[in-house]
Amino acid sequence: MQYRDGASPATVIRREAYAAPAYLVDTVDLSFDLDPAKTRVLNRMTLRRNPDVAPGPLRLDGEELNLARVLVNGAGTSFKMDGNTLVLENLPEGTEPFALEIFTTCMPVKNTSLSGLYVSNDSFFTQCEAEGFRRITYFPDRPDVMASYTVTLRADKAKYPVLLSNGNLVDSGELEDGRHFAKWVDPHKKPCYLFALVAGQLVAREQRIVSRSGKEHLLQVYVRRGDLDKTEHAMNSLMASVAWDEARFGLPLDLERFMIVATSDFNMGAMENKGLNIFNTKYVLASQATATDADFANIESVVGHEYFHNWTGNRITCRDWFQLSLKEGLTVFRDQEFSQDLCADPSARAVKRIEDVRVLRTAQFPEDAGPMAHPVRPDSYIEINNFYTVTIYEKGAEVVRMMQTLVGRDGFRKGMDLYFARHDGQAVTCDDFAQAIADANPDSELARRLGQFKRWYSQAGTPRVAAQGVYNPDAQTYTLHFSQSCAATPDQAVKEPFVIPVSLGLVGSASGTALPLHLEGQATAATSHLLVLSEAQQSVMFTGIAEQPVPSILRGFSAPVILDCDYSDEELLTLLAFDADAFNRWEAGQRLLLRSAIKAIAGDADSTPAKPLNDALIEAMRGVLRSPQLDAAFKELVLTLPSETYIAEQLEVVDPQRIHAVREAMREQLACALQEDWEWAFEAHQDNGAYRPDPASSGRRALAGMALSFLCLAATRSGDTVWPGKTLQRFKDANNMTDRFNALQALVGSGHALGTQALARFHSQFKNEELVLDKWFALQGGMCDRGGQVLPAVRQLMQHPDFHLKNPNRARSLIFSYCNANPGAFHRADAAGYVFWAERVIDIDAFNPQVAARLARALDRWKRLAEPYRSAAREALVRVSSKSDLSNDVREVVDRALSA
Ligand code: B3K
Ligand code: ZN
C-alpha cells in the first residue's frame with residue numbers, strides 16, 4: 001500500500017501496543033502571535049519522566065510546523081527528527097521536573113484540512129481532536145497526557161477584537177501597533193485534544209445562571225454579528241443541558257464561564273473543548289424563518305452532547321483512541337436521554353427512540369456488515385479520524401443503554417456515581433467504565449455476566465436473534481425459543497454469544513390485550529418481561545396463557561440486534577393495532593411494509609409491480625392515519641416507508657434501481673389509495689398559533705408535510721392541479737421554514753413543473769443565508785431521479801456561484817446528498833455516478849482528507865451490488881486507490897473496501 005508522504009506515517013496502530021507515556025507534562029504555557037500567514041507559537045512546558053516507565057527519549061508529535069528553537073531548562077539542546085517526530089535524548093537525569101521551550105510557526109490561512117489552527121471568514125479557530133494539536137505545536141499528542149494550560153493570545157485588535165481560549169480570562173490589555181492580548185488559565189487539567197482558541201470579530205449572547213449549589217456561571221454563545229438573532233434556541237438548549245446534568249446525574253458545571261462559538265467551516269458537528277465548545281453553525285443558528293423543526297431538535301441534542309462531554313470525556317477522558325466510545329457512546333446515550341427527558345409525554349419519548357433506532361439501523365447496521373466493520377472498541381486503525389463512526393457513537397450508545405436496562409435506571413445512576421468517584425481526572429478505558437457500573441450493582445445480571453457482556457466491546461457485527469413461539473392451548477403455556485448468531489466480520493471469523501437483554505410482552509391475538517406474564521414457578525403478573533439471553537440457544541415458558549398470543553419481542557429496541565421472527569401478516573397487524581409498546585407497534589408496520597417491498601423486488605424483473613401493498617396493509621395504514629388516539633409524530637413515522645438503504649440491507653443482491661422503483665410504486669400507492677385521508681390529514685394538522693418547535697407541534701407539521709407530498713404525488717399522476725397549486729401557495733405563505741421547506745420538497749419530489757419555479761424563488765429569497773442555501777443544494781442533490789437528470793444537475797450546480805467545495809457544509813449538501821443519500825440517482829447503469837464520486841473523492845482529498853474519507857464510504861457496500869453496478873463500482877474504487885498521493889484517511893477506506 002502506498003501512503004502520502006508528509007502527514008502522519010501510514011502505520012497500523014494497535015490497541016495491544018499501548019504503552020504509558022515516557023514523560024508527563026505538568027504545565028503548558030502557550031503564547032500565540034496570531035497572523036493568518038505566519039502565526040508564532042511559543043510553547044513552554046514543564047515535564048518530568050514517568051516514574052512507571054523505563055527511561056527513554058522524549059518523542060513529540062508535530063505536523064506542518066516550522067521549528068525555530070528548542071531549549072531545555074533555558075539552554076540549547078541537541079534534537080533529531082524521526083519523520084514528523086521531534087526526538088530529544090539528552091534530557092536531565094532523574095524524575096525532577098524540567099522546562100522545555102519550543103518555538104514554532106505555522107500558516108493558518110493555508111490550512112484547508114480544518115484540523116489544527118485555521119482561518120474561516122477572517123477568524124481563527126482550532127480543531128484538535130483527534131490529532132490536530134500537533135499541527136499547532138510539538139507535543140505528546142495523546143489523550144493520556146493531561147496538563148494545566150495557560151494561554152496568551154496576541155493579535156491585531158481591529159481585526160480580532162475577541163480573543164478566547166479555555167478556562168478563565170485572567171488578564172487582557174493593549175499592546176503596541178494596534179495589537180492587544182488576552183491571557184486565559186484553565187483551572188482543570190486536560191489532554192491536548194481539548195485545547196482551543198478562537199480569535200475574530202464575534203459577538204455573544206450572554207446569560208448568567210445560578211446552579212443548584214448557588215454558584216454563578218456565565219454562559220456565552222459567540223457568532224458573527226448578523227447571526228445574534230439566531231442564538232436564542234442554542235442558549236436555551238445550553239441552559240436546559242446544565243440543569244439536566246445536575247438533576248439526572250448530579251453533575252454540575254465546573255467552570256465560571258462556558259462558551260460556545262459557531263463557525264461555518266467545520267469538519268463535523270461540534271467539538272467539546274474544555275469551556276470553549278466550537279460548533280458548526282448548523283448546530284447553533286436557528287430562527288423560525290431559516291431552520292426546520294429537525295434543525296431545532298438537532299441543535300438541542302448537539303448542544304447537550306457537547307455540554308455533557310464536560311464530564312463524560314473531559315473530566316474523565318480516554319486512555320487512548322481505541323477507547324473513543326468510552327466518551328462518545330456514553331455521551332450519545334446521555335444526549336438521547338436528555339432529549340427524551342425534555343419530552344412532556346410518553347409518546348414523544350417513543351418517537352425519539354424510534355428516530356434514534358432508525359439512524360442505527362440505516363447507518364450502523366450496514367457499517368457492521370461492510371468492509372469498515374469494527375468493534376465498539378477497535379483493535380487497530382491507520383487513521384483515527386476514520387473511526388469516528390456510527391459504530392463508536394450509536395452502537396456505543398446502545399451498549400451503554402443495555403447496561404442501564406440490565407441494572408435499572410437507579411442502578412445506572414449509582415454506577416455513574418462510582419465511575420466519577422473512582423476516575424475523575426483520569427484517562428481510562430471502556431473496561432473501567434463497565435466495571436464501575438457492574439461494581440455499583442453487584443446483584444445485577446450485568447455484574448454476574450460482565451466478562452461476557454463486554455463482548456459488545458470486542459466483537460464486531462450485528463447479532464441476529466431468532467425467536468419462535470409455541471402455544472400449547474391445553475396446558476395454556478407459551479414457550480419462546482431463542483437462538484443467536486453473528487456473522488463473520490473482517491478479522492473476526494468466529495463470534496461467541498452475546499449478553500442480550502430482550503424486553504418482551506404477549507398480546508392476545510383475539511383480544512388484543514396485554515397478557516399477564518406468569519413465568520413458570522413464579523407468581524408475577526407484569527405484562528412486560530426482561531429476558532437476558534446469554535446462550536446460543538435459550539427458551540422461556542409462560543404459564544396461564546389463556547389465548548393464542550402474538551409475541552412482542554425486543555420492546556423499545558432493547559438490544560442492537562436483528563430480530564428474525566416468523567410473524568404472519570395477521571400477527572403483525574395485531575401488533576400494529578394493539579401493542580402497548582409504541583416502538584414495536586411502529587416496528588410491526590415497518591415489517592409489513594418491508595415485506596411488501598421485498599416481495600415486489602423479487603417479483604417479475606421485467607415489470608415494476610404497480611401495487612406492492614395489499615388491501616389489508618393499506619387499510620391498516622389508513623387506520624393509523626385516522627386514529628384519534630395516536631400522535632401526529634408517531635403516525636408520520638409509521639407511514640414513512642423503510643429507506644432504500646434499509647431495504648437494500650435485507651437483500652443478498654442489491655439492484656438499487658429496482659429497489660427505488662418498487663419503493664416509488666409503494667409511495668404512489670399510498671398517495672392514491674389514501675388520497676382523501678391525506679386531504680383530511682393536511683387540513684386537520686394546521687398550526688395557526690405562534691411557531692414553537694416542541695415535539696407536539698413539530699409532529700403536526702411533519703404529518704401535514706407528509707400529506708402534502710403524497711397529495712402532490714397523487715396529483716402528478718391524476719393531472720389534478722389543485723394540490724400543487726395549494727402547495728405552492730403554502731410554500732409562499734409559510735411563516736416558518738419547516739412548512740416552507742416541506743411544501744418545496746412536496747413540489748420538487750413529485751416532479752411537478754411548479755417545483756422549478758419554487759426552487760428559483762427559494763434561492764432568491766434566501767441567498768444570504770448560508771444554512772438555507774445548504775438545504776437548497778441538498779434538496780437538488782437528493783432529488784428523485786426521473787430519467788437520469790440528477791447527476792447532470794449536480795454537475796451543473798457545482799458551477800453555481802454559491803457552491804464552494806472547500807466549505808464542508810456546502811460540499812456535503814450537494815455531493816454527499818447525491819452520492820451517500822440518493823441511491824436511486826447515484827447507482828446508474830452507465831456508471832457515471834461512480835465516476836463523479838471518484839473525481840470528487842480525489843479532488844477533496846487534496847485539501848481535506850477527513851471530508852474526502854467520509855465521501856469515500858459511499859461505496860462501502862459495493863460487493864452486494866448486482867451487475868453492472870458491482871463491476872463499475874469496483875472500477876471506481878480501483879481508480880481512487882491507484883492514485884499514489886492519497887491521504888491515509890482515504891487510502892484506509894478504499895483499500896478496506898477493495899480487500900474485505
Ligand atoms: N468529539 C468531537 C468529534 C471529533 C472528531 C474528530 N475527527 C465531537 C463530538 O463527538 O462531540
Ligand atoms: Zn461526542
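One-based numbering, in listed order, for ligands and for the atoms of each. From a predicted model like this one, the values you see are computed outputs, not experimental measurements.
Contacts of ligand 1 (protein heavy-atom distance under 4.0 Å) are Glu129, Ala130, Met268, Ala270, Met271, Glu272, His305, Glu306, His309, Lys327, Glu328, Asn385, Tyr388, Tyr393, Gln850.
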Candidate pair Arg857 and Glu367, rule salt bridge (charged side-chain N to carboxylate O under 4.0 Å, His left out), full reasoning: CA-CA 9 Å; Arg857 300 283 311 268; Glu367 179 166 276; 2.8 Å; yes
Applying ring pair (Phe, Tyr, Trp, His ring centres under 6.0 Å), run through Phe387 and Phe322 and close with a yes or a no. CA-CA 9 Å; Phe387 288 83; Phe322 296 103; 8.5 Å; no
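At the Zn ion (ligand 2), the angle from OE1 in Glu328 to NE2 in His309 is 100° when rounded to 10°.
For Arg854 and Phe816, the positive end is not near the middle of the six-membered ring at less than 6.0 Å and at most 45° from its axis.
Proximity of the aromatic rings of Phe338 and Tyr307 is defined here by a centroid distance below 6.0 angstrom, and this criterion is not met. A centroid separation of less than 6.0 Å is found between the aromatic rings of Phe420 and Trp311.
Using a cut-off of 4.0 Å between Lys/Arg side-chain N and Asp/Glu carboxylate O, Arg248 and Asp341 are scored as salt-bridged.
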